[in-house]
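Report on one structure; see the data block that follows.
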Amino acid sequence: MSTRPPTTPPTSGPSFRELGLPPATLANLDQLGYVAMTPIQAASLPLALAGHDLVAQAKTGSGKTAAFGLVLLANLKPDARGAQALVLCPTRELAEQVSTEIRRLARAGENVKVLVLTGGAPIRPQLSSLEHGAHVVVGTPGRVLDHLRRGSLDLGALATLVLDEADRMLDMGFLNDVLDVVERCPKTRQTLLFSATYPDGVVELGRRFLRAPKEVKLLEQHAATKIRQRFYAVADEERLDVVVRLLEHYRPERTLAFCNTKEVCRGLAQKLVARGIEALALHGDLEQRERDQVLVQFVNRSCSVLVATDVAARGLDIAELDAVVNVEVTPDPEVHVHRIGRTGRVDREGWAFSLASERERHRVSRIEELQKAPIAWHPVSELTRASNKPLVPPMTTLQILGGRKEKIRAGDVLGALTRGAGLSATHVGKITVNAYATYVAVDRSSVKAAMRELTTKGVKGRAVKARTLPATDE
Ligand code: ADP
Ligand code: MG
């Protein structure tokens with residue numbers, strides 16, 4: 001299970017060519033490797049490109065960003081001034097992900113400026129970027145509202161409003177801010193609402209702000225064959241130990257473990273680390289910088305297990321998970337379906353393990369009802385240690401203190417490690433350059449050589465401060 005080919009996107013299915021998009025856009029989609037539309041794109045793009053408002057529901061990772069990104073780009077008028085599209089997202093990470101995808105989709109057109117406006121970031125640079133103008137604004141409700149109140153953001157020319165991850169924005173208490181922002185948008189506009197689940201609050205939002213919306217719901221029961229689901233009956237006090245046994249038995253390279261509360265998250269991460277398994281917890285109490293570091297390490301393959309609450313994990317685009325573990329059964333069967341849908345994407349097989357104690361049995365019955373298939377119970381005794389080798393991730397993350405502000409680019413770091421330290425390019429993984437820090441994944445066998453090069457010769461001839469993550473000194 002440790003080596004898997006990368007996820008291949010859908011290669012069959014309806015083509016983007018049926019949409020009447022400009023040839024340059026189609027060529028760009030080809031370049032991105034978007035050969036066929038995903039189901040949510042096939043269901044929503046024809047309606048939305050025809051100008052309809054839309055309420056769309058589909059699970060995470062189904063390609064919703066392009067489903068609205070192509071529409072807001074098609075609505076842009078090159079000569080108009082002021083923001084023409086606004087995308088509201090619940091968190092900074094999601095806003096960053098959405099802006100990255102929109103920039104990729106926009107490469108076909110001329111110079112579309114996409115600006116991210118999120119809280120937690122200093123306001124001054126945002127003010128000067130706004131003065132230079134942006135066609136597309138992607139932001140969190142609070143910060144967008146802040147700019148609207150200051151008058152630094154003008155939505156007079158807005159053509160498209162997108163509410164992305166609407167359910168989560170409501171979960172996070174943004175209802176009033178969202179209402180306030182929407183009220184400041186021009187009445188003639190196209191509104192697209194995307195959500196992974198469809199609770200009453202989202203229904204209500206749709207009723208209030210959308211004009212005769214078309215509804216697109218893709219509640220597909222995942223490709224059941226690709227997700228191998230197993231349930232284990234546990235006693236509450238052995239739960240965390242059974243997680244360790246599961247990992248040692250199946251040895252998945254990358255696992256997302258869901259807990260219902262952040263206390264259980266913390267406890268499990270501590271337990272795994274104590275057993276020599278690289279695990280990190282992601283929950284609502286982390287500062288933004290800590291969240292960024294946790295995600296960087298998980299995405300670049302230097303952390304085996306990400307332990308998360310549903311709220312913290314929702315909407316993150318983490319491809320290529322080998323396993324999902326439901327450390328506790330969630331009370332909401334639909335949430336269960338979303339959790340396990342994180343694995344077994346596209347052409348990969350994935351494991352979904354669930355631990356259920358006696359008092360969680362009624363929750364399991366509800367899942368059985370929803371998925372219309374019986375649960376496969378397995379005995380905990382089948383979980384034996386598959387190997388004496390420790391379960392370690394292939395990479396380690398090095399953090400370089402210095403980023404875009406110091407003019408560090410990914411190519412410089414790659415150059416230092418390959419030319420300077422003599423690492424083979426296959427031993428250097430993902431390089432992430434933030435404003436003030438750079439993260440590079442290196443093969444575990446190359447950590448010493450890489451650290452020596454960075455701290456003595458450095459990047460572009462300047463020695464840098466570097467350390468391995470997770471940092472133990474803070
Ligand atoms: P969602 O918002 O539904 O969670 P995303 O928009 O983040 O999903 O898309 C998930 C991943 O799928 C992204 O990496 C994106 O680049 C990729 N993707 C989207 N549409 C296609 C497509 N038609 N073909 C191949 N890959 C796609
Ligand atoms: Mg999304």
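Residue indices begin at 1 and follow the sequence shown. Counting starts at 1 for both ligands and their atoms, in listed order.
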Numbered atoms of ligand 1 (with element) below 4.0 Å of [X], judged on heavy atoms:
{"X": "F16", "answer": "23 (N)"}
{"X": "R104", "answer": "16 (O)"}
{"X": "S62", "answer": "1 (P), 3 (O), 8 (O)"}
{"X": "E101", "answer": "15 (C), 16 (O)"}

query = At a non-hydrogen distance cut-off of under 4.0 Å, which region of Q97 contacts ligand 1 (side chain, backbone, both, or neither)?
reply = neither

Validation row: L321, V324 side chains within 4.5 angstrom (heavy atoms) = yes

ask   = Looking just at side-chain N and O atoms, do Q229 and Q371 make a donor-acceptor pair shorter than 3.5 Å?
value = yes

ask   = Would N326 and R339 count as having a side-chain donor-acceptor pair, cut-off 3.5 Å?
value = yes

query = Who's closest to atom 5 (P) of ligand 1 heavy-atom-wise, of T65, L32, I40, L70?
reply = T65

Are [X] and ligand 1 in contact, using a heavy-atom cut-off of under 4.0 Å?
{"X": "A58", "answer": "no"}
{"X": "A36", "answer": "yes"}
{"X": "F194", "answer": "no"}

ask   = Taking 4.0 angstrom as the limit, do R366 and D332 come out as a salt bridge?
value = no

task = Salt-bridge test for R81 and D154: reply yes if a basic N is under 4.0 Å from a carboxylate O, no otherwise.
result = no

Set of residues satisfying side chain to side chain donor-acceptor pair (under 3.5 Å) with respect to Q190, sequence neighbours excluded = N75

ask   = How about F231 and F353: are their ring centroids closer than 6.0 Å?
value = no

